[in-house]
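Below you'll find the structure, written out as structure tokens, and then a few comments.
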Amino acid sequence: MQIKNILEKAISDAANFMIENGIFKLNENDKLPEILLEVPPKKEFGDFATNFAMQSAKIFHTNPKKIAEELRNKIESDHLAMKMSGKTEWLEKIEIAGAGFLNFYLKPTVIYDTFEKIFNNENYGQLANKNNEKIQVEYVSANPTGLLHVGHGRGAAAGSAIVNIMRAAGYNVEAEYYINDAGNQMNNLAKSVNARYLEHFQKNVEFPEDGYHAADIIDTTERIIQEHGDKFLNLSEDERLKILGDLAYIDKMSELKKDLANFKVNFDVWFSERTLHPDKINSAIKILRDNGTIYEKDGALWLNSTKYGDDKDRVVVRENGEPTYLAADIAYHKNKFERGFEKIINIWGADHHGYVCRVKAAMSALGFDAEKLQILFLQMVALYRGGELVKMSKRTGNSITLRELMEEVGTDAARYFFLMRSMESQLDFDLDLAKKKSADNPVYYVQYAHARICSIFRQTLEMKIFIDEKPNFNLLTHSSEIDLINKIIDYEDEIEKAAQDYAPQKMTRYVYELAALFHAFYRDCRIIGVEKDLASARLALIKVTAHVIKHALNLLGVSAPESM
RNA sequence: GCGUCCGUAGCUCAGUUGGAUAGAGCAACGGCCUUCUAAGCCGUGGGUCGCGUGUUCGAGUCACGCCGGACGCACCA
């Protein structure tokens, strides 16, 4: 933010002055600490604060309060000189507090100037492009063998929100879905559908041991029968398995894409595991065999991952010649690196954490910088209904699917709830609460703020109260107005932080706090019935507020209704 | 047994590279609608930040050790 830049420069100028004039001594190897400006926890501590004096106490060998005093004097005299030379002043005062905090109190005009720029920026919340480095985020990547369940839902919400937030922060992000369409689970899908198919026509069949029991397999089978009837009955078992497997795969993928689209989740690339078999897998294995990372033992091929800190070596190709999942994953990640991403982010369920070491080991062994691969973990979701834990299991078919969740609580509430907590916390999802269309439900609280603003605009439009071309923001002096303005000024920093930490819950929190400040403003400051210039300035303020609420909700994939 | 994550108010959770008197929501209690949506606002009570030791000007935050919970530890994915 612009204000921060002014402050940072003032502080670093002052610090450098101290060093150049020998007031503080800096040893050869010492470096000035980063100047960190934060909005203090309490209003009494000013508009911005820095702990710079405390941080630099060590290298200056001086106590923090003394440093703080010197800095304050220098910054104030610099500011005075600036003022005398006719430049606009920005500093009200600096106070030293606590163990050596510098608390800055700014001239209100600085805030108004900044806010005016925001008001005139239709794209506020979209930061400038960082550079052209491509970043990939891969998430969900559920097997196309059943419906998405709530755990996938959390991953889908988190991944899509992270992608949205990173794009808003100016990163060049590509969202990818890895389709596990090879291997055992696809055979099991074929066998399961085959069994249901024969069952449908009253053939006596035993349901496969590793089959998928869930009801959606029957749905898939019924759709296939509706289109193709009984014409596969007379095929040989192998032929029937093949064709039913293919048809089921197509059906499952289309169901999956439908659910994700309904959940406001979109991918740029759908990457099929099949494209890795067998050539890309074989060539990756060959490289690793040639450089000694893969060796043969007991008729199988093993990755020497213990060399990279793993508990044990891992099988890459089974005794029977079939590659393991890891083999495909090595080829897949090799492919990712070859596509030139500067950063590769995977979002995995926490139950896969044991997998990181071996994949990174393989990437290092292939000569890639494994640091570029970053794996984010998503802890488990526990559903509660009526205070009771709802167990979920894809195998038995007793799971709650994402589809059911969307139907039960709505997309907005589902996404918002998934994004309220940090990813590494286990999530207790209270279905009853999410379903409530009441104030207990935080998603409505935020949406209501937006709807309220829209309602005001509907009425002011009718009453011909408009926003002036150049509203006089100096009129916004009420503390509720100042608080709201400050929060809005903070927005792009919040996006930056949320993007850097891959932390959508920061955005959720921000938009909630923004809504709370708007509701307080609504209580204190009327628009209809006040003097014209003030009404105009306030309308401008809530226009920007609505823009930011909508923008932030958008990043979360939650709608911003105009009336509720 | 080993590994990853978590442990903060009665409940669900925030807590910004270590910083000021640890914060929200829900639940409880008490107020506020003839004025832009009360799906809102204001107030009150509520804490051994799991326990212990260490690192330092300063620890909810970092390190180590315990205790408790979730998840993982396949030639499954």
Side-chain angles (χ1 to χ4, degrees), chain A residues 33-34 36 38-42 44-45 49 51 54-55 57-58 63-64 97-101 103 142-143 145 180 183-185 188 210 298-302 310-312 314-326 328-329 349-357 377-380 382 384 420-430 433 436-445 447-449 451-460 463 465 493-494 497-498 500-501 503 505-506 508-509 512-513 515-516 518-520 522-530 535 538 542 563-564:
Chain A
E34 194 188 337
L36 203 73
E38 57 179 14
V39 178
K42 289 201 173 16
E44 306 92 85
F45 299 144
N51 60 359
M54 286 127 92
Q55 297 291 359
K58 214 166 253 171
N63 80 62
F101 282 99
N103 290 341
N143 296 342
T145 55
N180 294 126
N184 262 333
Q185 73 276 6
N188 290 335
D210 297 327
D298 303 332
L301 292 182
W302 297 71
D310 204 356
D311 294 341
K312 46 188 149 188
R314 309 289 169 173
V315 170
V316 179
V317 178
R318 302 182 184 104
E319 225 173 322
N320 67 9
E322 286 289 313
T324 63
Y325 184 76
L326 176 60
D329 236 5
D351 53 338
H352 285 69
H353 61 73
Y355 215 79
V356 178
C357 192
F377 289 104
L378 209 56
Q379 289 293 329
M380 303 286 115
Y384 288 87
M420 272 196 311
R421 293 154 174 71
S422 67
M423 295 197 292
E424 60 265 19
S425 281
Q426 283 157 234
L427 174 66
D428 287 338
F429 196 116
D430 183 340
L433 177 62
K436 269 199 220 167
K437 293 215 185 312
S438 81
D440 308 356
N441 196 338
V443 61
Y444 289 104
Y445 181 85
Q447 290 180 318
Y448 182 51
R452 258 187 165 172
I453 294 172
C454 294
S455 168
I456 294 172
F457 273 105
R458 282 193 293 271
Q459 292 177 61
T460 52
M463 301 170 78
I465 304 170
D493 275 352
E494 294 288 339
K497 272 191 265 180
Q500 242 152 41
D501 299 348
Q505 83 278 2
K506 291 191 185 207
T508 314
R509 194 177 173 70
Y512 187 91
E513 287 169 356
F518 166 74
H519 287 308
Y522 182 88
R523 173 199 66 219
D524 293 329
C525 305
R526 294 190 56 79
I527 291 166
I528 294 171
V530 302
R538 284 181 174 166
I542 66 167
S563 68
M564 290 172 72

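Letters A, B, ... are given to chains in the order of the sequence lines, protein chains preceding strands, and every chain is numbered from 1. Here the structure is a predicted model, which is why all the values come from computation and not from measurement.
- Using a 4.0 Å heavy-atom distance criterion, A/Gln379 is classed as a sugar-phosphate-only contact.
- Distance from the side chain of A/Gln426 is smallest for B/G69 among the nucleotides B/A77, B/G69, B/C42.
- Picking from B/A38, B/A77, B/U4 the nucleotide with the shortest atom distance to the side chain of A/His353 gives B/U4.
- As judged by a 4.0 angstrom heavy-atom cut-off over every strand, A/Glu322 is placed among residues making no nucleic acid contact.
- Using a 4.0 Å heavy-atom distance criterion, A/Thr460 is classed as making no nucleic acid contact.
- Looking at heavy-atom distances under 4.0 Å, A/Glu513 makes no contact with the nucleic acid at all.
- In the interface, the side chain of A/Asn51 is not paired with the base of B/A20 through any donor and acceptor atom under 3.5 Å apart.
- The distance from atom CD of A/Gln185 to atom CG of A/Asn143, rounded to the nearest 0.5 Å, is 4.5 Å.
- If you check every strand for non-hydrogen atoms under 4.0 Å, A/Cys454 touches nothing.
- The closest side-chain heavy-atom distance from A/Ile542 to A/Ile456 is below 4.5 Å.
- Looking at A/Gln505 and A/Ser425, their side chains never come closer than 4.5 Å, going by heavy atoms from C-beta outward.
- Nearest nucleotide to the A/Glu424 side chain, out of B/C36, B/A74, B/C6: B/C6.
- A/Tyr522 contributes atom OH, which lies 10.5 Å from atom CD1 of A/Ile453 (distance to the nearest 0.5 angstrom).
- Between A/Phe377 and A/His353, the ring-plane angle classifies as perpendicular under the 30° and 60° cut-offs.
- Among the heavy atoms of the strands, none lies under 4.0 Å from A/Asn320.
- If you check every strand for non-hydrogen atoms under 4.0 Å, A/Leu301 touches nothing.
- Of the listed nucleotides (B/C36, B/U4, B/A77), B/A77 has the atom at the smallest distance from the side chain of A/Thr324.
- Residue contacts shown for A/Asp298 include a base, since a base heavy atom lies under 4.0 Å away.
- Of the candidate nucleotides B/G40, B/A77, B/C36, B/G40 has the atom lying nearest to any side-chain atom of A/His519.
- How far CG of A/Leu326 is from CH2 of A/Trp302: 11.5 Å, rounded to the nearest 0.5 Å.
- The phosphate of B/U35 has neither OP1 nor OP2 within less than 4.0 Å of any side-chain N or O from A/Tyr522.
- Side-chain atoms of A/Tyr444 lie closest to B/A39 of the nucleotides B/A39, B/C71, B/C75.
- In textbook terms, a nucleotide whose glycosidic angle is within 90° of 0 is syn, while B/C5, being further out, is anti.
- Contact annotation for A/Ala49: base contact, defined as any heavy-atom pair under 4.0 Å involving a base atom.
- A/Phe377 comes within 4.0 angstrom of no nucleic acid atom, judged by non-hydrogen atoms across all strands.
- Applying the 4.0 Å criterion to OP1 and OP2 of B/C36, one finds that A/Arg458 has every side-chain N and O outside that range.
- Residue-level contact check: A/Ala503 touches neither bases nor backbone, having no heavy atom under 4.0 Å from any strand.
- Remark: A/Arg452 CZ to A/His519 NE2 distance equals 6.0 Å, nearest 0.5 Å.
- Close to B/A38, at under 4.0 Å from its OP1 or OP2, lies a side-chain N or O of A/Arg452.
- Nearest nucleotide to the side chain of A/Tyr355, out of B/U16, B/A77, B/G40: B/A77.
- Across all strands, A/Ser425 comes closer than 4.0 Å only to sugar-phosphate atoms, never to a base (heavy-atom distances).
- One distance of note links CG of A/Leu378 with NE2 of A/His352; it measures 12.0 Å at 0.5 Å rounding.
- The side chain of A/Tyr512 sits closest to B/G25 out of B/C41, B/G25, B/A20.
- Picking from B/C5, B/G72, B/A20 the nucleotide with the shortest atom distance to the side chain of A/Asp351 gives B/G72.
- Of the candidate nucleotides B/A77, B/U17, B/C41, B/A77 has the atom nearest to the side chain of A/His352.
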Structure string for RNA chain B in dot-bracket form, Watson-Crick and G-U at under 3.5 Å, | interchain: (((((((..((((.....[...)))).(((((.......))))).....(((((..]....))))))))))))....
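- In this structure, A/Arg523 reaches the sugar-phosphate backbone alone: every heavy-atom distance under 4.0 Å involves primed, P, OP1 or OP2 atoms, never a base.
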